[in-house]
Amino acid sequence: MDNRKRLAYAIIQFLHGQLRHGGLSPDAQESLEVAIQCLETAFGVTVEDTDLALPQTLPEIFEAAAASKQEMPQDPRGSDRTPPSEEDSAEAERLKTEGNEQMKLENFEAAVHLYGKAIELNPSNAVYFCNRAAAYSKLGNYVGAVQDCERAIGIDPGYSKAYGRMGLALSSLNKHAEAVAYYKKALELDPENDTYKSNLKIAELKLREAPSPTGGVGSLDIAGLLNNPHFITMASSLMNSPQLQQLMSGMISGGHNPLGTPGGSSSSQSDLASLIQAGQQFAQQMQQQNPEFVEQIRSQVVRSRTPSASHEEQQE
């Protein structure tokens, strides 16, 4: 408890110094006075308790700690952990190799587990993080893949494969602009890599096809579709269809029950069949009147749904 009181006294002493010499505004001074009162009440300490004073003031202790931190030798890869023993390194490599075998067998969860065990034994190996990122991507955990790629790049900033796999994960998250940047960095480190070249082209294509903030769903241009005279004409024909008008009239009058609530399930099924039939007729009419326009819509929908045909590299 004495150490806690000493710490509280040191803080109170520091705050009093700021009140006298900190050049603070009146509002800031008032806030500090409230803080001092709270600390004094919480710890039963006042600035008069000089017996709690330490040999150094709080700013002096902080400056000494900061200077000591700057003088500590830093690991060039940013890790201050003790290097793994030869036995741990060998076991980590064995686990990584087993993880690679599980990847080939498409046992991706097992691969994630094995790479994780290798990382526990040797967390300074960028390959383990990069390999686990690939396994995460296979499982659809693209956020986890991004985090592991960041760790791999932090350990080895010159590791091209980590940038490439980061690009894959970002593309899967529809962050195509960021993916392009990482693919370019991967190519900068490995200029002859055809996989990076191919994936960069795909990401750039996806970026160009990305909808504007006022666009439609996926890469389908809803605004352009609604302004297309062919679509408007065919939609008008559908709305004038006797079947659709009869169906809508029944819904409005309450005679039909499309949701299947009290009123009869057979009526609901009939309504649904009529709606489907009307939609089919509309689609057939569109196909007959303007097949090129229909193909244009179909291609836009396919592009909006088709995942990136990116290539994946082998595990190390």
Side-chain angles (χ1 to χ4, degrees), residues 72-173 175-176 178-203 307-316:
M72 289 177 62
Q74 297 293 322
D75 189 303
R77 292 184 184 270
S79 173
D80 56 1
R81 291 175 58 96
T82 302
S85 64
E86 291 185 5
E87 292 79 5
D88 284 348
S89 293
E91 176 63 9
E93 279 295 301
R94 186 193 70 78
L95 289 165
K96 181 209 72 174
T97 301
E98 188 175 344
N100 292 350
E101 291 301 318
Q102 293 301 316
M103 287 290 288
K104 295 177 183 176
L105 297 172
E106 299 186 357
N107 295 330
F108 304 123
E109 290 184 358
V112 166
H113 175 74
L114 290 164
Y115 293 139
K117 290 293 185 181
I119 289 169
E120 289 177 7
L121 293 172
N122 185 4
S124 62
N125 191 311
V127 172
Y128 302 162
F129 285 102
C130 193
N131 283 9
R132 190 171 68 175
Y136 274 143
S137 287
K138 293 294 187 181
L139 291 170
N141 182 1
Y142 303 115
V143 173
V146 167
Q147 292 173 346
D148 270 1
C149 288
E150 288 175 343
R151 294 287 298 275
I153 291 169
I155 295 169
D156 185 0
Y159 189 15
S160 64
K161 186 173 288 188
Y163 291 95
R165 286 187 174 153
M166 176 73 95
L168 283 172
L170 291 169
S171 291
S172 299
L173 292 170
K175 297 182 177 181
H176 303 301
E178 295 177 41
V180 166
Y182 276 96
Y183 283 137
K184 287 182 177 179
K185 181 63 178 179
L187 271 175
E188 180 184 321
L189 295 168
D190 188 2
E192 303 305 318
N193 192 303
D194 291 335
T195 296
Y196 300 154
K197 293 177 183 178
S198 174
N199 287 348
L200 174 59
K201 290 180 181 179
I202 293 171
S308 173
S310 302
H311 303 288
E312 178 62 272
E313 294 182 303
Q314 295 296 320
Q315 303 292 77
E316 293 185 57

Quick one: [atom1] on [X] to [atom2] on [Y], what's the gap to the nearest 0.5 Å?
| X | Y | atom1 | atom2 | result |
| --- | --- | --- | --- | --- |
| Ile119 | Asp148 | CD1 | CG | 5.5 Å |
| Gln147 | Tyr136 | CD | OH | 8.5 Å |
| Glu93 | Leu121 | CD | CG | 11.0 Å |

Heavy atoms only: give me the nearest [X]-[Y] pair and the separation to one decimal.
| X | Y | value |
| --- | --- | --- |
| Leu95 | Ala118 | CD1-N, 3.8 Å |
| Asp156 | Ala126 | CB-CB, 4.0 Å |
| Ala169 | Val146 | CB-CG2, 3.7 Å |
| Ala135 | Val112 | CB-CG2, 3.5 Å |
| Leu189 | Pro157 | CD1-O, 4.1 Å |
| Ser124 | Ile155 | O-CG2, 3.1 Å |

Compile the donor-acceptor pairs under 3.5 Å between side chains in residues 101-111 and protein atoms, sequence neighbours left out, one pair per line.
unit_1, atom_1, unit_2, atom_2, d
Gln102, OE1, Asn107, ND2, 2.8

List the residues meeting side-chain contact (heavy atoms from CB on, under 4.5 Å) with [X], not counting sequence neighbours, and say none if there are none.
| X | value |
| --- | --- |
| Leu187 | Tyr196, Lys197, Leu200 |
| Glu188 | Lys185 |
| Asn100 | Lys96, Tyr115, Asn131, Gln315 |
| Ala162 | Cys130, Ala152, Ile153, Tyr159 |

Checking Ser89 side chain against Ser85 main chain: does a donor-acceptor pair fall under 3.5 Å?
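Yes.
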Does the Tyr183 side chain pair with the main chain of Leu168, one donor and one acceptor, at a distance under 3.5 Å?
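Yes; at least one donor-acceptor contact below 3.5 Å.
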Under the criterion salt bridge (Lys or Arg N to Asp or Glu O under 4.0 Å), which of Arg132, Lys161, Arg165 is the partner of Glu316?
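Of the listed residues Arg132, Lys161, Arg165, the salt bridge (Lys or Arg N to Asp or Glu O under 4.0 Å) partner of Glu316 is Lys161.
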Quick one: do the Tyr128 and Glu120 side chains pair a donor with an acceptor below 3.5 Å?
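No, no side-chain donor-acceptor contact under 3.5 Å.
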Quick one: does [X]'s side chain get under 4.5 Å of [Y]'s, heavy atoms only?
| X | Y | answer |
| --- | --- | --- |
| Lys117 | His113 | yes |
| Asn125 | Asn122 | yes |
| Ser137 | Asn141 | no |

Residues which pass salt bridge (Lys or Arg N to Asp or Glu O under 4.0 Å) with Glu178, listed by chain and number, not counting sequence neighbours:
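By the salt bridge (Lys or Arg N to Asp or Glu O under 4.0 Å) rule, Glu178 matches no residue at all.
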